[in-house]
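Hydrogens, waters and symmetry mates are skipped; everything else that's a heavy atom, side chains included, is used.
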Amino acid sequence: MRMPFRDLAALTAAVLAPFLAALVLLPLRTDVGPTTVAPVLVVVVVAVSALGNRWAGALAALSAVAWFDFFHTEPYQSFDIRDGADVETAVLLLLVGLAVSQLAARARVMRSAAGTDAEHLERLHRVMRMQAADGRTPQELIDRVRQDLEDVLELRECRFTTAEEPGDEELAGPPPPRLQADGSVRVEGWIWDLDRQGWPDGETELPATTGGRVRGRFLLTPVPGAVPPPLEARLVAADLAVLTALVLEGPERLEVVSSSGRTADGASSSGR
C-alpha cells in the first residue's frame, strides 16, 4: 500500500525542518545560548506534529535533539556533548518535544475526526431527506449514494446492480468479496484483514439489504494500492446501503397494497 502524501510530507518535514531551523539559528550561536535555541526547536516539533501524525512528531523530536547537539553544543559539528548543562538541555528538549508532539498530533486527529463525523452525518441526513421528498425517483437516490460511497470510501468507481437481474455476470462464479454491515470484509467465507492487507483484488460488493433480502448491490472498485478507509467510514457506507434498500423496498410495498387493496395489517386501503 502507498503511504498517504500527507504522512510522507510530514515524515520529510520531521527530518528537514529541525535541521533547517538549527541551521538558521547558527549565526546567533555566539549571542544566544543553547537554552534559548531549544524552545525554538520545540516550536518546530509542534508544527510538524500538527501537520502529520504522532510518528512524525516523534521523529521531529529526535531530529531536533540531533541537530541541536550538532550545531549548538560544544564541540560543534559533532554529535558529542561534554557539558553537563547541555546534556540536561538536550534531554529536556527530547522529553518536551516528544510529549508536546504527541499532544499536538492527538489534537489534530480529534479535530479531523470531528469534522469527518459531521460530514458522514450530513451524508446520511441528505439521503434520508431525499428518501422522504416527493418526486424523487429511486434512481436519483441510487446515483446520490453511489457518489457518496465514492467519496466516503475513496473509490475509483462505484456502480449499482439490482439483485434480481437475470444472467447478471457479477453473480456468476465465485462470490466476490463483500463489505459486511459491521465494516469488515469477507472473502469466500473468511474475514479479510482490510487494515493490514488492503482492499481485495477486483470489485468488492456492498449489499443493499433490508428484511433479510438483498435489494441490490453496490460494486466498489478501489484505487489500486490505496490505504483502506477507517472503520467509521465503512460503517457509514453500510448505513447508506441500508437506506438504499429501504427506498427500493418502498415501490414493492405500494404495488402489493394497490393489487390487494389492503395494507400490511389487513385493513382496506380505501378506508376503514
**Asked** Would Leu28 end up clustered with Val40 when hydrophobic side chains under 4.5 Å apart are linked, directly or stepwise?
**Response** yes
Between Val44 and Ala21, the two heavy atoms sitting closest are CG2-CB, 3.7 Å
Interatomic distance, OG1@Thr209 vs CZ@Arg215, rounded to 0.5 Å, equals 9.0 Å
dist Trp67:CH2 -> Leu62:CG (nearest 0.5 Å) comes out at 13.0 Å
Minimal heavy-atom distance between Phe79 and Ala66, with the atoms involved, is CE2-O, 3.4 Å
Between Trp192 (side chain only) and Gly198 (backbone N and O only), is there a donor and an acceptor less than 3.5 Å apart? yes
In terms of heavy-atom contacts, Ala237 and Leu149 come closest through CB-CD2, 3.5 Å
Value for OG (Ser63) from CG (Leu11), rounded to nearest 0.5 Å, stands at 11.5 Å
| If two hydrophobic side chains count as joined below 4.5 Å and joins carry through other members, does Leu94 share a cluster with Val37? | yes
Requested in this report: Verify, without hydrogens or angle tests, whether Thr89 (side chain) and Ala85 (backbone) share a donor-acceptor contact under 3.5 angstrom.
Outcome: yes
Note to self: Tell me whether Arg29 forms a cation-pi arrangement with Phe71, defined as NZ or CZ under 6.0 Å from the six-membered ring centre and within 45 degrees of its axis.
What the structure shows: no
Taking every heavy atom of Pro207 against every heavy atom of Ala241, the minimum-distance pair comes out as O-CB, 3.5 Å
Note to self: Check whether Glu150 reaches the backbone of Leu155 with its side chain - one donor and one acceptor, N or O, closer than 3.5 Å.
What the structure shows: no
Discussion item. In this structure, would Ile81 and Val91 fall into the same cluster of hydrophobic residues linked by side-chain contacts under 4.5 Å?
Written reply: yes
Less than 4.5 Å apart, side chain to side chain, heavy atoms only: is that true for Pro229 and Arg234?
yes
**Report entry** Intermediate values then yes/no, side-chain contact (heavy atoms from CB on, under 4.5 Å), Phe19 and Leu23
**Finding:** CA-CA 6 Å; Phe19 166 74; Leu23 194 62; 4.1 Å; yes
Can you tell me if Ser78 uses its side chain to pair, donor with acceptor, with the backbone of Glu74 under 3.5 Å? no
- Single-linkage hydrophobic cluster Leu59~Val48, side-chain heavy atoms < 4.5 angstrom: no
Okay, side chain of Arg156, backbone of Thr221: is any donor-acceptor separation there less than 3.5 Å?
no
So the salt bridge (Lys or Arg N to Asp or Glu O under 4.0 Å) pairs with at least one residue in residues 82-93 (sequence neighbours excluded) are Asp80-Arg82
Worksheet item: Any sub-3.5 Å donor-acceptor pair from Ser184's side-chain atoms to Gln180's backbone N or O?
Response: no
* Can you list the steps and then say if Ile142 with Val145 is a side-chain contact (heavy atoms from CB on, under 4.5 Å)? -> CA-CA 5 Å; Ile142 289 172; Val145 172; 5.8 Å; no
Close side-chain approach of Val185 and Pro200, heavy atoms under 4.5 Å
yes
Of Arg159, Arg217, Arg178, the one forming a salt bridge (charged side-chain N to carboxylate O under 4.0 Å, His left out) with Glu203 is Arg159
Applying the 4.5 Å side-chain criterion to the ILVMFWY set and letting contacts propagate, would Val187 and Leu194 be lumped into a single cluster?
yes
CZ of Phe160 to CZ of Arg146, rounded to nearest 0.5 Å, is 10.0 Å
(request) Could you tell me how the ring of His72 sits relative to the ring of Phe68: parallel (under 30°), tilted (30 to 60°) or perpendicular (over 60°)? (result) parallel
Separation between OG1 (Thr244) and CG (Asp148), nearest 0.5 Å, reads 9.5 Å
task = Check the pair Leu153, Leu220 against side-chain contact (heavy atoms from CB on, under 4.5 Å), reporting the backbone distance first and the verdict last.
result = CA-CA 9 Å; Leu153 301 178; Leu220 317 174; 3.7 Å; yes
Applying side-chain hydrogen bond (donor to acceptor under 3.5 Å, both in side chains) to Asp31 and not counting sequence neighbours gives none
Short side-chain donor-acceptor distance under 3.5 Å, Gln147 and Asp151: no
The reported gap from CH2 in Trp199 to CG in Leu179 (rounded to nearest 0.5 angstrom) is 5.5 Å
